[in-house]
Amino acid sequence: MPPAVYILGLSVFALGTSEFMLSGLLPPIADDMNVSIPQAGLLISAFAIGMVVGAPLLAVATLRLPRRTTLIALISVFGLGQIAGALAPSYEVLFASRVVSALACAGFWAVGAAVAIAMVPVNQRARAMAVMIGGLSIANVLGVPLGAFLGEHFGWRSAFWAVGAASAVALIGVVTRIPYIPLPEKKPELRRELAIYRDRQVWLAIVITALAAGGVFCAFSYLAPLLTDVAGLDSGWVPWILGLFGIGALVGTTIGGRVADAHLFGVLLSGITASTVFLAALALFASSQIAVVALAFLLGLSAFFTAPALNARMFNVAGAAPTLAGATTTAAFNLGNTSGPWLGGTVIDADFGFAATAWAGAAMTVLALAAVAVALRLQRGGSGRSRSRLIAKSAAAGTGSAGAAVGTGSAGAAVGTGSAAGVERAVPGPGATGPVTSADCGASPGA
């Protein structure tokens with residue numbers, strides 16, 4: 001594996017840590033900035049909004065730019081965003097720094113995934129993506145708890161400085177190790193790719209992803225104050241429990257990635273149902289220290305068990321649009337990461353308490369289950385004709401396989417999920433050339 005791929009993994013570690021570390025820093029940020037915890041929670045939504053906007057926008061805007069130069073510019077802007085956050089004199093400046101950092105983060109994901117795949121042979125694409133996505137998993141296991149630890153002992157600004165330092169190391173690696181990547185000879189046909197948004201299954205996949213992710217992050221974003229104010233745990237426990245969530249996420253990603261290829265809807269239904277049950281249990285037993293510790297692990301497991309299937313579903317229904325499939329997935333996940341914390345903050349502002357965020361999250365995941373049921377019924381009823389027509393056209397224009405058109409798009413599809421998952425073994429509609437498999441996309445279920 002080229003060393004440059006590991007540099008991209010290190011970069012993703014910095015990106016992922018910055019995105020999720022605020023879940024352990026909300027109380028000190030709220031105190032320092034003289035805002036409420038729900039207002040501080042909007043900083044999480046600010047980053048997610050930047051990702052929602054930035055993912056499709058920068059995926060298209062950087063298509064014809066030199067990849068290495070683009071990566072250097074994006075990781076530089078991201079690092080400067082962390083410094084701006086560490087020095088922010090007001091809540092408004094901190095909010096703006098989060099949006100700018102998120103835009104750079106979204107762009108780096110889109111370009112970095114394409115670069116990782118371009119640097120390795122076809123039979124090593126899954127391994128390359130596993131290294132990149134591994135940076136996100138390690139960010140959840142180590143980076144987020146470390147950020148909470150720094151915030152507890154040295155102030156919340158120290159966590160931003162630490163991510164800024166990691167970004168500087170990543171920048172040096174990108175400058176010295178990322179080779180020149182030639183642009184593809186054939187220019188993407190954006191009009192044809194935009195046609196995926198006429199498919200209702202694509203919109204259902206967006207809704208399912210946003211609701212499933214939003215439900216978990218509605219509660220997870222306010223886990224720190226729930227642990228200290230409701231369960232009565234000392235604040236020193238927060239980093240360890242966040243790390244436990246990360247371990248659950250790592251386990252869930254591994255298991256979900258292995259089974260989603262053959263049982264995509266089964267994983268969606270069982271994983272989202274499990275998240276609903278765990279969220280309801282968190283609301284009911286929020287005052288029990290043992291329960292909240294166990295449920296933190298279980299929520300991480302169920303959320304990331306579902307993530308590979310969410311990723312795969314989107315790429316299956318939008319597989320004929322390699323440029324936008326991954327960007328749409330990233331945007332959908334971060335739409336959930338925007339709406340979830342916002343809903344949780346609204347519940348807290350209404351004086352329902354921190355535990356009520358879990359009830360609100362459970363309501364979102366119930367809606368996600370309903371959307372999965374609708375998508376499954378449409379698929380079984382043969383309403384996947386538009387999806388099949390798009391994939392069939394892609395195959396006819398390419399080499400006879402839907403996978404021929406997805407190339408780097410499969411890498412992009414994994415961006416928002418933390419897993420390079422295999423793709424659904426779908427029931428093809430009329431005229432389809434056959435199901436898209438993990439082999440077509442250059443990804444494996446176990447990646």
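Values reported hereafter were calculated over all heavy atoms of this structure, with side chains retained and with hydrogens, waters and symmetry mates removed. Note that the structure is predicted; figures quoted are calculated from it, not measured.
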Measuring from [X]:[atom1] to [Y]:[atom2], what's the distance to the nearest 0.5 Å?
X	Y	atom1	atom2	result
Leu310	Ile206	CG	CD1	12.5 Å
Ser11	Leu71	OG	CG	8.0 Å
Leu22	Thr17	CG	OG1	12.0 Å
Asp199	Leu378	CG	CG	9.5 Å
Leu269	Leu369	CG	CG	6.5 Å
Leu282	Thr357	CG	OG1	7.0 Å

Checklist entry - Does atom OH of Tyr197 have more than 12 heavy-atom neighbours, drawn from other residues, nucleotides or ligands, at distances under 6.0 Å? => result yes
To check you understand the geometry: which heavy-atom pair defines the closest contact between [X] and [Y], and what is its length?
X	Y	answer
Val230	Phe354	CG2-CB, 4.0 Å
Cys218	Ala360	SG-CB, 3.8 Å
Ala104	Val77	CB-CG1, 3.9 Å
Leu268	Ala309	CD2-CB, 3.7 Å
Leu8	Gly112	CD1-O, 3.6 Å
Thr338	Ala48	OG1-CB, 2.9 Å

Checklist entry - Can you name the residues that form a side chain to side chain contact (heavy atoms under 4.5 Å, CB included) with Thr228, not counting sequence neighbours? => result Ser235, Val238
Item to check | By side chain to side chain contact (heavy atoms under 4.5 Å, CB included) - contacts of Ala355 (at least two apart) | outcome: Ala286
Next on the checklist: Looking only at the side chains, is there a donor atom on one of Gln82 and Ser101 sitting less than 3.5 Å from an acceptor on the other?
Outcome noted: yes
Checklist entry - Can Ile29 and Leu94 be said to form a side-chain contact (heavy atoms from CB on, under 4.5 Å), step by step? => result CA-CA 10 Å; Ile29 289 176; Leu94 181 58; 4.1 Å; yes
Item to check | Partner set under side-chain hydrogen bond (donor to acceptor under 3.5 Å, both in side chains) for Ser302, not counting sequence neighbours | outcome: Ser275
I'd like to know if the side chain of [X] and the backbone of [Y] have a donor-acceptor N/O pair within less than 3.5 Å.
X	Y	value
Tyr222	Pro341	yes
Thr365	Ala362	yes
Gln289	Ala231	yes
Ser18	Ala14	no
Tyr91	Gln39	yes

Checklist entry - Which one of Thr209, Ile208, Val207 satisfies the side chain to side chain contact (heavy atoms under 4.5 Å, CB included) criterion with Leu211? => result Val207
Is any side-chain heavy atom of [X] closer than 4.5 Å to a side-chain heavy atom of [Y]?
X	Y	result
Arg67	Met119	no
Leu279	Trp359	no
Ile241	Val292	no
Trp237	Leu227	no
Phe333	Met51	no
Ser270	His263	no
Asp349	Thr346	no
Val259	Phe305	yes

Next on the checklist: Quick one, Ile44 with Glu19, criterion side-chain contact (heavy atoms from CB on, under 4.5 Å). Give me CA distance, side-chain angles, the key distance, then yes/no.
Outcome noted: CA-CA 7 Å; Ile44 299 174; Glu19 180 173 6; over 6 Å; no
Next on the checklist: Looking only at the aromatic ring of each residue, does the gap between the centers of Phe220 and Phe245 stay below 6.0 angstrom?
Outcome noted: yes
Checklist entry - Centres of the Phe47 and Phe20 rings: under 6.0 Å? => result no
Item to check | CA sep, side-chain torsions, deciding dist, call: Leu103, Phe78, side-chain contact (heavy atoms from CB on, under 4.5 Å) | outcome: CA-CA 8 Å; Leu103 289 170; Phe78 176 80; over 6 Å; no
